[in-house]
Protein chains: 2
Amino acid sequence: MNEITGRRENTRDRLLELAEAAVLQKGFGATSIEELIAGVGISKSGFFYHFSDKGELAKALLLRYIERDNVILDELFAQADALNEDPLHGFLVALKLFGDMMGAMTEVHPGCMVASVCYQEHLFDREIHALARDGVIAWRRRFRARLDAIVALYPPKLPVELDDLADMLSVMVDGGITISRVTRDPVLLARQIMLYRAFVKAVFLGA
Amino acid sequence: MNEITGRRENTRDRLLELAEAAVLQKGFGATSIEELIAGVGISKSGFFYHFSDKGELAKALLLRYIERDNVILDELFAQADALNEDPLHGFLVALKLFGDMMGAMTEVHPGCMVASVCYQEHLFDREIHALARDGVIAWRRRFRARLDAIVALYPPKLPVELDDLADMLSVMVDGGITISRVTRDPVLLARQIMLYRAFVKAVFLGA
DNA sequence: GGAATGACTGTACCGCAGGTCCAGCCGCTC
DNA sequence: GAGCGGCTGGACCTGCGGTACAGTCATTCC
């Protein structure tokens, strides 16, 4: 709140900003506290003033990531809904927009924070794992709500559980990011999202 | 080769065995050399006799993982082919077998080595990344070959690129493992594989 | 029988990263 | 001018990855 001095607008946020970029690029373990404090120009004590330990940083990072992710999804669905009344076509449009968004990324997708956490299991306490879990379950509920609206109008042509179909989007985004990173192919993720879209179409409209 | 003494059957293999379990459970960064040497009962010098550094261990681990993975897939497809002449039904049977295999795991799936590597980017050199990449591309080619055989008999009912459809299996397995781990739901992966199977059916047989 | 080789052991040491402790400082508000 | 938020500075500890190097002991080759 040093708006008058203007010297630094929230050091904590600047730490998180820098940390997020570093973590998504090279992993949490590889991101040292020393590099972060050098980056924002504070001392080690300053870092530990904001975060009691590295785990607290991870927690804050994950929380921030999930929040922003939700905002993006809200906007995306709002945009799609504005263009369309029908729940199925709204969902399909949203998926198209999402795919375009992912495809527009020139570099390979920065990576998924949830997966980052998952494959760094030891580093984090239960609390942080619960956070990741809640994030994924929130996605499930969000997509499931969309599917419920669709199924009321379009009886499914294929026998699928709606929770599974909802999870499938999270699965494909997460897996898509990983495979996209490993193969260094930035468009792979977008193409996989389009495949999910094709599947949703097949389920509710038939082949 | 100390078969006569019988004292130790290949310390290197025992190191890899122990390391694999530890890495898949808690991540590469969290697996210390000290815990490994304590586990197999050798000295630190002994470890560095076998691996020049931790990166070499990672490389050996990944190589071993990919090799074993290929053996499992070979057996699985052979088993499915033995039951079936038709390429589409062979593929569908293989997917069913694969799903059952994943579902039979009482605990959550141990995790995918490729993803482990991907989210530990910094630790590893180019060589190891190339290894992971080659592994994924080998999967693509393997599944693509199956799809090519199918498409010759069953013209696709939906417009999909076969490379994308091949990649989709890797994507769903990898993403499924991650989401399965995060939600601590061991059956999620199996259900997602069944969804992939449903999509393949829809593509080649229609809804 | 002697030399070489493979598979180690033991000891000592280095640098880095995470983390702790604690005293102090500076600008702001009450 | 007292107190608080947001730091600084420095000393110190631990664990881990890694290096260096000399020695050991069983087996194998000539």
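Since we're looking at a predicted model, the values are computed, not measured. Below, chain A is the first sequence line, B the second, and so on; all start at residue 1. Just so it is clear, the values below take in all heavy atoms, side chains as well, and ignore hydrogens, waters and symmetry mates.
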Whole-Å distance separating the [atom1] atom of [X] from the [atom2] atom of [N]:
X       : N      : atom1 : atom2 : result
B/Glu35 : D/dC16 : CD    : P     : 9 Å
B/Lys54 : D/dG15 : NZ    : P     : 16 Å
B/Glu56 : D/dG17 : CD    : P     : 15 Å
B/Glu34 : D/dG18 : CD    : C1'   : 11 Å
A/Ile37 : C/dC16 : CD1   : P     : 14 Å
A/Asp13 : D/dG6  : CG    : P     : 12 Å
B/Phe51 : D/dC16 : CZ    : P     : 19 Å

For A/Lys44 and B/Phe47, find the nucleotide of DNA chain C closest to each by heavy atoms; which residue's nucleotide sits nearer the 5' end?
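Its nearest nucleotide being more 5', the pick is B/Phe47.
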For A/Phe48 and B/Tyr49, take the nucleotide of DNA chain C holding the closest heavy atom to each; which residue's nucleotide lies nearer the 5' end?
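Looking at DNA chain C, the more 5' nearest nucleotide goes with B/Tyr49.
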Out of D/dT8, C/dT9, D/dG18, minimum distance to the side chain of A/Ile42 belongs to D/dT8
What nucleotide, of D/dG18, C/dG18, C/dC8, holds the atom closest to the side chain of A/Ile33?
C/dG18
Check this one for me: any side-chain N or O of B/Ser45 less than 4.0 Å away from OP1 or OP2 of D/dC21?
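So the side chain of B/Ser45 is outside the cut-off, no N or O lying under 4.0 Å from OP1 or OP2 of D/dC21.
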Should A/His50 be listed as having a side-chain N or O under 4.0 Å from OP1 or OP2 of D/dC7?
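Answer is yes, contact under 4.0 Å.
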Between B/Asp81 and B/Arg146, does any NZ, NE, NH1 or NH2 come within less than 4.0 Å of an OD or OE carboxylate oxygen?
yes
Considering only NZ, NE, NH1 and NH2 on the basic side and carboxylate oxygens on the acidic side, decide whether B/Glu20 and B/Arg68 come within less than 4.0 Å.
yes
Have a look at B/Ser32 and say if it touches a base, only the backbone sugar-phosphate, or nothing, with a 4.0 Å heavy-atom cut-off.
sugar-phosphate
How long is the gap from CG on B/Leu162 to CZ on B/Arg140, to the nearest 0.5 Å?
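The CG atom of B/Leu162 sits 12.0 Å away from the CZ atom of B/Arg140.
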Measure the acute angle between the ring planes of A/Phe199 and B/Phe199, then classify it against the limits of 30° and 60° as parallel, tilted or perpendicular.
perpendicular
Would you say B/Glu161 has more than 12 foreign heavy atoms packed within less than 6.0 Å of its CD?
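Open.
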